[in-house]
Enquirer: 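Structure below; questions to follow.
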Amino acid sequence: MPYIKKNCVVPSTFTQRVSTMEFHFDVHKIFLEPVTKLDSSLIPPRRPLISSSEAQKQIMTVIDEIGKASAKAQRLPAPITSASRMQINKHHLYILKDCTPETAGRGVVIGFLKVGYKKLFVLDQKGSHIEAEPLCILDFYIHESLQRHGFGKELFNYMLRNEQVEVQHVAIDRPSEKFLSFLRKHYNLRSTIPQVNNFVVFEGFFRDRKASVKTPPAKRPEGEIKPYSLTKRDCKNVLKEEEGLPWPFSQSQSNLNRASSLGSSPTRTSSRPLPGEGDFMKSLRACRPHSLHRAANSEEDPTQRRRTSAMNFSRGLMAQKNCYSRHISHSPPLLARRPPVDGIKEQRKTGI
């Protein structure tokens, strides 16, 4: 595994000016390598020398403290790197520690680098939108007292080798002026491609990329979208000649009669065409779409339905009049024996 130089020479004034990066526990017991890579699990590749629960607490403390130091140096309102953020995102955090014998007691963290893959829409040199998922530099911090000593370059090179990516293929989220000058000095990245988001990409971003980039599909013109209307189409397109009538209209008359006599539905069996079936199909193809739809769905004509209902109603009245219908409602006996009103009035007048 690639690693940074083992004999890290830290200035003697570092122990006096690095109070924000020192901890009350031994950093060497949780980070056994000069550079430790962490993911969302916050578990180092090499097992710490202390218990897992205690190591987890100390690692979370280190991440929170270095995130606060980075936000303070960049004058951000809130830290963008924390243990809770690391646990819910698929980011990689590279932590660089001091490996000199002077800090062998508790250890000192020099800086960190956070990266992660993100789906972005970036602009190329022609101004076209390109959908890509590059490796993004999300946060980069080296303690102020150790800047310009080569630690930032060593940490950045370690990340590039570990992620197997070229420096021109990364996107940087809101880089500071110090970071841009760092890239110009060590990697000769000067010309940028203007973007509409907060990410910065340099020339060569689209050159020899291993990850696939794709252009989003162009929007379909509104003129090509037409509403579907059956009335504007020819009836011949709706009912193809080779398909014929839908089932069960394609059945022969003998099968239909046999099925009705047996009290069952017609079966899907192949039958020979009747003599007048061709003329019948031509008449159906020449009919209107709504009439064909009504015939295919066995729907009756509304006028025929009203005529049939009126005939049934008149037959019901005739049956009730002749008193042979089972739907007749007989009057109560007392009401049937009651004399008419006119007869009662005449009896009162005569005094009977």
Side-chain angles (χ1 to χ4, degrees), residues 1-73 79-117 135 137-147 149-164:
M1 178 183 294
Y3 57 92
I4 67 169
K5 51 188 177 182
K6 295 182 179 179
N7 299 325
C8 302
V9 180
V10 180
S12 58
T13 57
F14 175 71
T15 56
Q16 300 175 1
R17 300 167 56 187
V18 76
S19 59
T20 56
M21 303 292 284
E22 291 180 345
F23 302 94
H24 62 277
F25 47 82
D26 191 356
V27 176
H28 297 297
K29 291 185 178 181
I30 55 176
F31 302 138
L32 305 183
E33 296 289 340
V35 178
T36 301
K37 178 182 177 181
L38 299 176
D39 55 12
S40 58
S41 63
L42 304 183
I43 300 176
R46 294 184 60 181
R47 184 176 179 180
L49 301 179
I50 57 178
S51 62
S52 300
S53 58
E54 189 67 22
Q56 192 81 357
K57 294 179 182 179
Q58 295 181 6
I59 291 174
M60 295 179 68
T61 302
V62 170
I63 296 175
D64 291 338
E65 292 299 325
I66 61 179
K68 293 177 182 178
S70 176
K72 183 179 179 180
I80 58 177
T81 299
S82 62
S84 58
R85 288 175 177 264
M86 283 294 302
Q87 290 176 331
I88 62 175
N89 292 289
K90 295 181 180 181
H91 296 161
H92 292 163
L93 185 66
Y94 295 86
I95 298 178
L96 172 65
K97 72 169 186 177
D98 178 24
C99 52
T100 56
E102 286 80 0
T103 59
R106 291 183 299 179
V108 175
V109 175
I110 297 176
F112 72 95
L113 176 60
K114 185 175 72 171
V115 298
Y117 287 91
L135 182 69
I137 308 299
L138 304 177
D139 201 358
F140 185 30
Y141 173 71
I142 299 295
H143 193 268
E144 291 81 355
S145 60
L146 288 177
Q147 294 178 4
H149 287 84
F151 293 107
K153 183 180 179 181
E154 293 294 336
L155 180 59
F156 203 86
N157 289 339
Y158 180 91
M159 181 274 302
L160 294 176
R161 293 192 297 267
N162 193 274
E163 299 290 341
Q164 299 180 359

Enquirer: Testing the basics here: between Phe112 and Ile66, what is the closest heavy-atom pair and its distance to 0.1 Å?
Expert: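 The answer is CE2-O, 3.4 Å.
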
Enquirer: Who passes side chain to side chain donor-acceptor pair (under 3.5 Å) against His92, sequence neighbours left out?
Expert: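 Applying side chain to side chain donor-acceptor pair (under 3.5 Å) to His92 gives Glu163.
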
Enquirer: Among all residues two or more places apart in sequence or in another chain, which pass the side chain to side chain donor-acceptor pair (under 3.5 Å) test with Ser70?
Expert: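 Listed in chain order: Gln74, Asp139.
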
Enquirer: Taking the side chain as every heavy atom from C-beta outward, state whether Phe31 and Lys29 have any pair of such atoms under 4.5 Å apart.
Expert: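 No, every pair of side-chain atoms sits at 4.5 Å or beyond.
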
Enquirer: About how many Å separate OG1 of Thr81 and OH of Tyr141, when rounded to the nearest 0.5 Å?
Expert: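 Those atoms lie 12.0 Å apart.
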
Enquirer: With sequence neighbours excluded, what pairs up with Ser51 under the side chain to side chain donor-acceptor pair (under 3.5 Å) test?
Expert: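 Side chain to side chain donor-acceptor pair (under 3.5 Å) list for Ser51, sorted by chain: empty.
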
Enquirer: To the closest 0.5 Å, what do you measure between CG (Leu138) and CD1 (Ile80)?
Expert: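 Interatomic distance, Leu138 CG to Ile80 CD1, rounded to 0.5 Å: 7.5 Å.
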
Enquirer: Nearest heavy-atom pair of Pro48 and Ile30: which atoms, and what distance?
Expert: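 Scanning both residues completely, I find the closest heavy atoms to be CB-CA, 3.9 Å.
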
Enquirer: Could you give the side-chain donor-acceptor pairs of residues 37-47 under 3.5 Å, partners two or more places apart or in another chain?
Expert:
unit_1: Lys37; atom_1: NZ; unit_2: Asn162; atom_2: OD1; d: 2.9
unit_1: Asp39; atom_1: OD1; unit_2: Ser41; atom_2: N; d: 3.1
unit_1: Asp39; atom_1: OD1; unit_2: Ser41; atom_2: OG; d: 2.5
unit_1: Arg46; atom_1: NH1; unit_2: Glu33; atom_2: OE2; d: 2.9

Enquirer: Please round to the nearest 0.5 Å and tell me the distance separating atom CE of Met60 and atom OG of Ser84.
Expert: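 Those atoms lie 7.5 Å apart.
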
Enquirer: Taking the side chain as every heavy atom from C-beta outward, state whether Ile110 and Ile142 have any pair of such atoms under 4.5 Å apart.
Expert: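 They are in contact (side-chain heavy atoms under 4.5 Å apart), so the answer is yes.
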
Enquirer: Going by the rule ring-ring contact (aromatic ring centres under 6.0 Å, His included), which residues pair with Tyr117 if we only count those two or more places apart in sequence or in a different chain?
Expert: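 For Tyr117, no residue satisfies ring-ring contact (aromatic ring centres under 6.0 Å, His included) once neighbours in sequence are set aside.
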
Enquirer: I'd like to check Thr61 versus Phe25 (side-chain heavy atoms, cut-off strictly below 4.5 Å). Are they in contact?
Expert: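 When only atoms from C-beta onward are counted, Phe25 and Thr61 do touch, with a gap below 4.5 Å.
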
Enquirer: Hey, what do you get for CG (Leu93) to CG (Leu113), rounding to the nearest 0.5 Å?
Expert: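 Answer rounded to 0.5 Å: 8.0 Å.
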
Enquirer: Do the non-hydrogen side-chain atoms of Arg85 and His91 ever get within less than 4.5 Å of each other?
Expert: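 The answer is no; the side chains never approach within 4.5 Å.
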
Enquirer: Under the side-chain contact (heavy atoms from CB on, under 4.5 Å) rule, collect the residues that match up with Lys153, sequence neighbours excluded.
Expert: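 side-chain contact (heavy atoms from CB on, under 4.5 Å) check on Lys153 returns Asn157, Phe182, His186, Tyr187.
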
Enquirer: If we ignore hydrogens and angles and just use 3.5 Å, is the side chain of Lys97 paired with the main-chain N or O of Gly107 as donor and acceptor?
Expert: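 No; zero donor-acceptor contacts below 3.5 Å.
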
Enquirer: Could you report the tightest heavy-atom contact between Asp26 and Gln58, atom names first, then the distance?
Expert: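 It is O-OE1, 4.2 Å.
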
Enquirer: Measuring from atom CZ of Phe151 to atom CG of Asp98, what distance do you get when rounded to the nearest 0.5 angstrom?
Expert: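 The CG atom of Asp98 is 7.0 Å from CZ of Phe151, to the nearest 0.5 Å.
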
Enquirer: Nearest 0.5 angstrom please: Ile137 CD1 to Met159 CE, how far?
Expert: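 Interatomic distance, Ile137 CD1 to Met159 CE, rounded to 0.5 Å: 3.5 Å.
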
